[in-house]
Amino acid sequence: MKKNEIVKEISKRLGLPKIECEAVIETFGDVVKDALVKGEKVSIRGFVSFEVTEFKGRDGYNPMTGKKEYYDPVKKVKCKIGKPIKEAINMG
């Protein structure tokens, strides 16, 4: 399901204009992004949680060149789906 389909479905279910629903989704994305940039964990109980994890720099091997390389430290976002969603997916 793409963003425009989500906006359309929310608009239909709540009876709100699509433009307002799209603004809410955009703002939600910005709020989550800003919190993650600050290093905060974002959690919507029963739905999803996002958390930034840091990976240390490491030595590695590039199979294309056959040479050892150093990989810089990186930050990635870990996403964990809530239990009610997991259960719903596994039932249907």
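Throughout, numbering of the chain's residues begins at 1 and tracks the sequence.
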According to a 4.5 Å side-chain heavy-atom criterion applied to Ile, Leu, Val, Met, Phe, Trp and Tyr, with indirect links allowed, do Ile85 and Val77 form part of one hydrophobic cluster?
yes
What pairs of residues pass the side chain to side chain donor-acceptor pair (under 3.5 Å) test when at least one of them lies in residues 7-16, not counting sequence neighbours?
Glu9-Arg13
Working to the nearest 0.5 angstrom, can you tell me the gap between Lys38 NZ and Leu36 CG?
11.0 Å
Which ILVMFWY residues are connected to Tyr70, directly or by a chain of links, through side-chain heavy atoms under 4.5 Å apart?
none
For the hydrophobic clusters of this structure (ILVMFWY residues joined by side-chain heavy atoms under 4.5 Å, transitively), does one cluster hold both Val32 and Phe47?
yes
Salt bridge (charged side-chain N to carboxylate O under 4.0 Å, His left out) partners of Arg45, counting only residues at least two apart
none
Which residues pass the side chain to side chain donor-acceptor pair (under 3.5 Å) test with Glu69, sequence neighbours left out?
Asn62
Other hydrophobic cluster members with Val37, side-chain heavy atoms of Ile/Leu/Val/Met/Phe/Trp/Tyr under 4.5 Å, chained?
none
Test of understanding: with side chain to side chain donor-acceptor pair (under 3.5 Å), list the residues that count as partners of Glu40, not counting sequence neighbours.
none
Members besides Met1 in its Ile/Leu/Val/Met/Phe/Trp/Tyr cluster (side-chain heavy atoms under 4.5 Å):
Ile6, Val7, Ile10, Leu14, Leu16, Ile25
Could you tell me which non-hydrogen atom of Ala35 sits nearest to which non-hydrogen atom of Val42, and how far apart they are?
CB-CG2, 3.6 Å
Tell me who clusters with Met64, hydrophobic residues only, linked when side chains sit under 4.5 Å apart either directly or through other members.
none
Near Tyr71 OH, under 6.0 Å, is it more than 12 heavy atoms from other residues, nucleotides or ligands?
yes
Residue pairs meeting side chain to side chain donor-acceptor pair (under 3.5 Å), one or both in residues 14-25, sequence neighbours left out, come to none
Holding to side chain to side chain contact (heavy atoms under 4.5 Å, CB included), I want the full list of residues that pass it with Val48, two or more places apart in sequence or in another chain.
Phe50, Cys79, Ile81
What pairs of residues pass the side chain to side chain donor-acceptor pair (under 3.5 Å) test when at least one of them lies in residues 50-61, not counting sequence neighbours?
none
